[in-house]
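What you see below is based on every heavy atom in this structure, not just the backbone, and it leaves out hydrogens, waters and symmetry mates. Computed from a predicted model, the values in this text were never measured in an experiment. Residue numbers start from 1 in every chain, and the chains themselves are labelled A, B, ... in the order their sequence lines are given, proteins ahead of strands.
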Number of protein chains: 2
Amino acid sequence: MDTFEALSDPTRRQVLDLLSRQPRAAGELGRAFPSTSQPGMSRHLRILREAGLVHVRKQDRHRVYALRWEGLAPVDAWLSKYRNFWEAELDSLEAFLDSGKADPKSRQARSRRP
Amino acid sequence: MDTFEALSDPTRRQVLDLLSRQPRAAGELGRAFPSTSQPGMSRHLRILREAGLVHVRKQDRHRVYALRWEGLAPVDAWLSKYRNFWEAELDSLEAFLDSGKADPKSRQARSRRP
DNA sequence: TCCATGCATATCCGTACACGGATATGTGGC
DNA sequence: GCCACATATCCGTGTACGGATATGCATGGA
């Protein structure tokens with residue numbers, strides 16, 4: 001299962017959201033989803049692992065899961081391909097409107113098309 | 001079907017890739033995927049439409065599809081949430097390297113909310 | 001050393017739905 | 001009426017997702 005498929009499941013995205021705050025043990029994650037059985041959560045974690053989205057570390061008797069930021073690189077790469085065009089669109093719009101105001105959110109460095 | 005599910009299919013991502021270059025008529029897209037039937041492509045386009053990823057315009061007897069950049073906003077938003085942490089990680093790493101501190105393997109213990 | 005904890009894995013079962021082709025039909029524009 | 005599609009079915013296959021259950025397996029503690 002590739003990155004995009006792994007991310008297509010809401011539960012797995014929620015798991016990643018939890019892990020984005022801090023690493024958590026498998027059991028902790030399972031308890032965060034009471035409607036999911038232990039093997040069920042374990043399956044989700046397996047998919048996330050195989051997609052390279054999480055990383056496991058053994059600590060005592062626990063398996064501590066942490067987010068692997070690099071695992072999101074494929075999505076980021078795919079998306080930036082579009083972001084370039086997107087921002088080009090927005091830039092054109094801004095230029096057209098000529099509001100003269102800066103982007104309030106001041107997104108990360110607006111990489112222009114090379 | 002939500003945005004992430006719509007993007008989980010490789011064919012649909014390829015369609016978006018084509019549309020990122022220029023708008024195309026439905027038939028044109030269909031011909032780009034010879035192994036897909038006409039109703040088959042039409043179904044994919046429907047999913048992309050309902051996910052807000054493409055936009056249709058009637059031109060003569062053709063349906064011209066174009067990418068809706070805003071449709072990718074949910075993915076971008078979701079991803080930037082992580083990109084911030086990602087960059088924070090890199091920053092922390094830099095800070096760590098600058099300060100010449102302890103064990104470099106304690107990476108995962110360090111993810112924290114800003 | 002024996003046992004409980006904390007998981008991962010393996011089945012089996014069942015439901016649901018994605019994806020595909022094939023075919024038929026509907027529809028708006030020319 | 002023809003073209004370019006969209007939609008609707010029906011069919012079939014594959015597989016995701018879920019629970020339930022049993023087992024494997026390492027670690028840490030009594």
Side-chain angles (χ1 to χ4, degrees), chain A residues 1-19 22-68 71 74-75, chain B residues 1-19 22-68 71 75 105 108-109:
Chain A
M1 189 172 288
D2 77 321
T3 310
F4 285 92
E5 285 182 73
L7 292 180
S8 71
D9 183 76
T11 301
R12 286 194 289 269
R13 287 203 302 277
Q14 288 182 52
V15 168
L16 292 182
D17 285 344
L18 283 177
L19 293 182
Q22 56 175 308
R24 287 167 200 270
E28 216 178 329
L29 291 170
R31 267 171 262 122
F33 299 82
S35 61
T36 302
S37 65
Q38 183 259 315
M41 175 54 67
S42 206
R43 277 189 298 245
H44 278 309
L45 292 175
R46 183 185 219 268
I47 290 173
L48 290 174
R49 250 184 298 139
E50 294 183 344
L53 289 165
V54 298
H55 167 261
V56 208
R57 166 178 45 113
K58 292 182 186 174
Q59 182 182 336
D60 302 335
R61 282 176 293 189
H62 300 269
R63 309 274 182 126
V64 179
Y65 280 84
L67 189 60
R68 269 195 78 239
V75 186
Chain B
M1 190 173 289
D2 77 321
T3 310
F4 285 93
E5 286 181 73
L7 291 181
S8 71
D9 183 76
T11 302
R12 286 194 289 269
R13 287 203 301 276
Q14 289 182 49
V15 169
L16 293 182
D17 284 344
L18 283 177
L19 293 182
Q22 54 174 312
R24 289 167 200 269
E28 216 178 327
L29 291 170
R31 268 171 262 124
F33 299 82
S35 61
T36 302
S37 64
Q38 181 258 314
M41 175 55 65
S42 206
R43 276 189 298 245
H44 278 309
L45 293 175
R46 184 186 219 267
I47 291 172
L48 290 173
R49 250 185 298 140
E50 295 182 345
L53 288 165
V54 297
H55 168 261
V56 210
R57 166 177 45 110
K58 291 182 187 176
Q59 182 181 335
D60 301 335
R61 281 176 292 188
H62 300 269
R63 309 271 181 129
V64 179
Y65 280 84
L67 188 60
R68 269 195 79 240
V75 185
K105 284 168 193 162
Q108 22 260 350

Q: Using atom types as modelled and distance alone, determine if a side-chain donor or acceptor of B:D9 lies under 3.5 Å from a backbone N or O of B:T11.
A: yes
Across all chains, not counting sequence neighbours, the side chain to side chain donor-acceptor pair (under 3.5 Å) partners of B:E28 are none
Whole-Å distance, A:D9 CG to C:dA18 P, equals 13 Å
Decide yes or no on side chain to side chain contact (heavy atoms under 4.5 Å, CB included) for B:L29 and B:L19, but give the supporting numbers first.
CA-CA 9 Å; B:L29 291 170; B:L19 293 182; 4.1 Å; yes
Rounded to whole Å, the CG-P distance (A:D2 to C:dA18) equals 17 Å
From CZ of B:R57 across to P of D:dA4 the rounded distance in Å is 17 Å
Separation of C:dA18 atom P from B:L48 atom CG, nearest Å, is 14 Å
Rounded to whole Å, the NZ-P distance (B:K58 to D:dC5) equals 13 Å
In whole angstroms, the gap separating P of D:dC17 from CD1 of A:I47 amounts to 5 Å
When rounded to whole Å, the CD to P distance for the pair A:E5 and D:dG14 reads 16 Å
Sorted by chain and number, sequence neighbours left out, side chain to side chain donor-acceptor pair (under 3.5 Å) with B:R61 holds for none
Protein and nucleotides 7-17 of chain C: nitrogen or oxygen contacts under 3.5 angstrom:
unit_1	atom_1	unit_2	atom_2	d
C:dC7	OP1	A:H62	ND1	3.1
C:dC7	OP2	A:G27	N	3.0
C:dC7	O5'	A:G27	N	3.0
C:dA8	OP1	A:Y65	OH	2.5
C:dA8	OP2	A:S42	OG	2.6
C:dA8	O5'	A:S42	OG	3.4
C:dA8	N7	A:Q38	NE2	2.9
C:dT9	OP2	A:R49	NH2	3.3

Any sub-3.5 Å donor-acceptor pair from B:R68's side-chain atoms to B:H55's backbone N or O?
no
Exam field: side chain B:S42 to backbone B:P39, donor-acceptor pair closer than 3.5 Å:
no
- Task: Give a yes/no answer on whether the side chain of B:H44 brings an N or O atom under 4.0 Å of OP1 or OP2 in C:dG20.
- Result: yes
